[in-house]
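Convention: sequence-line order gives letters A, B, ...; per-chain numbering from 1. Values below: every heavy atom of this structure, side chains too, minus hydrogens, waters and symmetry copies.
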Amino acid sequence: DGGITQSPKYLFRKEGQNVTLSCEQNLNHDAMYWYRQDPGQGLRLIYYSQIVNDFQKGDIAEGYSVSREKKESFPLTVTSAQKNPTAFYLCASSISRQRPNTEAFFGQGTRLTVV
Amino acid sequence: DAKTTQPNSMESNEEEPVHLPCNHSTISGTDYIHWYRQLPSQGPEYVIHGLTSNVNNRMASLAIAEDRKSSTLILHRATLRDAAVYYCILRDTNAGKSTFGDGTTLTVKP
């Protein structure tokens, strides 16, 4: 089945460590996005990518990094510079950012906890 | 970025219609109005979208005001499975900047 897969579902990290969250899609979508969600709040955009080898900062990019070496994959690294990384992270994709009349598909999220 | 405003919470009885409002007074002519819903600890799920005309699909209906400054998501017969957080967002060709806001938490009572 086509879809977007995030792994792992739960992730624990020690303070000061970098950690990478995986996001893979087999929908042949050009655009991919990373969001952060804190309890009781909406989604905030971290990074987005329109096409392979291109990505742009969102509203809260500090302390995060991404890569887009393949169309299907858009991993997010939470670095030690991110002061409060404990959150629910969501990855999404859409056919193209240039087609706002199409829906975005979301993964099931990764819950990151710093211990 | 154009933003949306939604009530924090709403309640409905099972099998009754639900009207979820959204204000977007700064909407631009190229913004599409999208609705998503999110169950606890899951990713958001697409519900419906529209530009100017009212829209219907198997999940819901979307009523868009003539001036496009507001819209209403209509669930015709709420079920317990419709209990979720509903987000109204605007998407244009700069869709990477879509702002989700805090959404409306819908509670459905049996």
Side-chain angles (χ1 to χ4, degrees), chain A residues 3-7 9-10 23 25 27 29-51 54-61 66 68 74 87-112, chain B residues 1-9 22 24 27-53 55 57-60 62 64 68 73 84-105 107:
Chain A
I4 182 164
T5 302
Q6 291 186 242
S7 62
K9 189 171 183 178
Y10 299 96
C23 178
Q25 54 96 2
L27 300 165
H29 285 174
D30 283 324
M32 297 188 73
Y33 314 83
W34 274 106
Y35 293 91
R36 168 182 172 138
Q37 187 173 37
D38 292 292
Q41 298 185 24
L43 283 66
R44 291 184 291 167
L45 183 65
I46 305 173
Y47 268 98
Y48 60 96
S49 168
Q50 296 186 71
I51 199 167
D54 174 78
F55 48 82
Q56 305 293 329
K57 292 182 179 180
D59 299 318
I60 56 165
V66 294
R68 186 86 187 275
F74 191 40
F88 188 49
Y89 291 88
L90 287 157
C91 180
S93 71
S94 64
I95 291 175
S96 166
R97 247 184 70 198
Q98 302 305 318
R99 293 182 59 184
N101 59 332
T102 57
E103 65 187 274
F105 291 80
F106 284 81
Q108 290 303 297
T110 293
R111 191 168 298 281
L112 173 65
Chain B
D1 298 332
K3 298 194 176 192
T4 62
T5 304
Q6 301 175 253
N8 287 337
S9 62
C22 181
H24 28 79
I27 191 170
S28 74
T30 54
D31 283 334
Y32 282 79
I33 302 160
H34 284 244
W35 283 81
Y36 290 79
R37 69 182 186 182
Q38 185 179 24
L39 297 172
S41 298
Q42 293 190 23
E45 171 191 34
Y46 167 81
V47 177
I48 199 167
H49 77 273
L51 183 62
T52 56
S53 303
V55 184
N57 68 18
R58 64 175 180 82
M59 291 180 69
L62 176 60
I64 301 172
R68 300 207 330 124
L73 179 70
V85 178
Y86 286 78
Y87 295 101
C88 165
I89 66 169
L90 303 179
R91 296 188 70 203
D92 64 4
T93 52
N94 193 30
K97 288 284 195 176
S98 296
T99 301
F100 268 75
D102 292 338
T104 295
T105 299
T107 301

Notebook entry, point to check: Can you say whether A:Arg44 sits under 4.5 Å from chain B via the side chain, the backbone, both, or neither, judging by heavy atoms?
Noted result: neither

Checklist line | Interatomic spacing from NE2 in B:His34 to OG1 in A:Thr102 - rounded to 0.5 Å | finding: 6.5 Å

Notebook entry, point to check: Does the pair A:Glu103 and B:Tyr36 meet the rule for a side chain to side chain contact (heavy atoms under 4.5 Å, CB included), with working shown?
Noted result: CA-CA 9 Å; A:Glu103 65 187 274; B:Tyr36 290 79; 4.2 Å; yes

Notebook entry, point to check: Counting heavy-atom pairs under 4.5 Å to chain A, which of B:Pro44, B:Ser41, B:Gly103 comes out on top?
Noted result: B:Pro44

Next item on the list: Kindly check if the number of other-residue, nucleotide or ligand heavy atoms within 6.0 Å of CG (B:Asn8) is above 12?
Entry: no

Next item on the list: Please look at A:Ser49 and chain B and tell me whether the side chain, the backbone, both or neither of the residue comes under 4.5 angstrom of a heavy atom of that chain.
Entry: neither

Note to self: Using only atom types and a distance under 3.5 Å, with no angle test, would you say the side chain of B:Asp102 pairs donor to acceptor with the backbone of A:Gly42?
What the structure shows: yes

Notebook entry, point to check: So, for B:Gln38 and A:Phe88, which heavy atoms are closest and what is the spacing to 0.1 Å?
Noted result: NE2-CE2, 4.1 Å

Next item on the list: Examine whether an atom of A:Gln37 lies under 4.5 Å from a heavy atom of chain B, and if so say whether it belongs to the side chain, the backbone or both; otherwise answer neither.
Entry: side chain

Note to self: Can you pull out every salt bridge (charged side-chain N to carboxylate O under 4.0 Å, His left out) where at least one residue sits in residues 34-50 of chain B? Sequence neighbours excluded, please.
What the structure shows: B:Arg37-B:Glu45, B:Arg37-B:Asp82

Note to self: A:Val66: which residues meet the side-chain contact (heavy atoms from CB on, under 4.5 Å) condition with it, sequence neighbours left out?
What the structure shows: A:Trp34, A:Tyr47, A:Phe55, A:Phe74, A:Leu76

Margin query: Does any backbone or side-chain atom of A:Leu90 lie under 4.5 Å from a heavy atom of chain B? Answer side chain, backbone, both or neither.
Written below: side chain

Next item on the list: Would you mind checking which part of B:Phe100 comes under 4.5 Å of any heavy atom in chain A, side chain (CB onward), backbone (N, CA, C, O), both or neither?
Entry: both

Note to self: Heavy-atom cut-off 4.5 Å, strictly under: side chain, backbone, both or neither for A:Ala104 against chain B?
What the structure shows: both

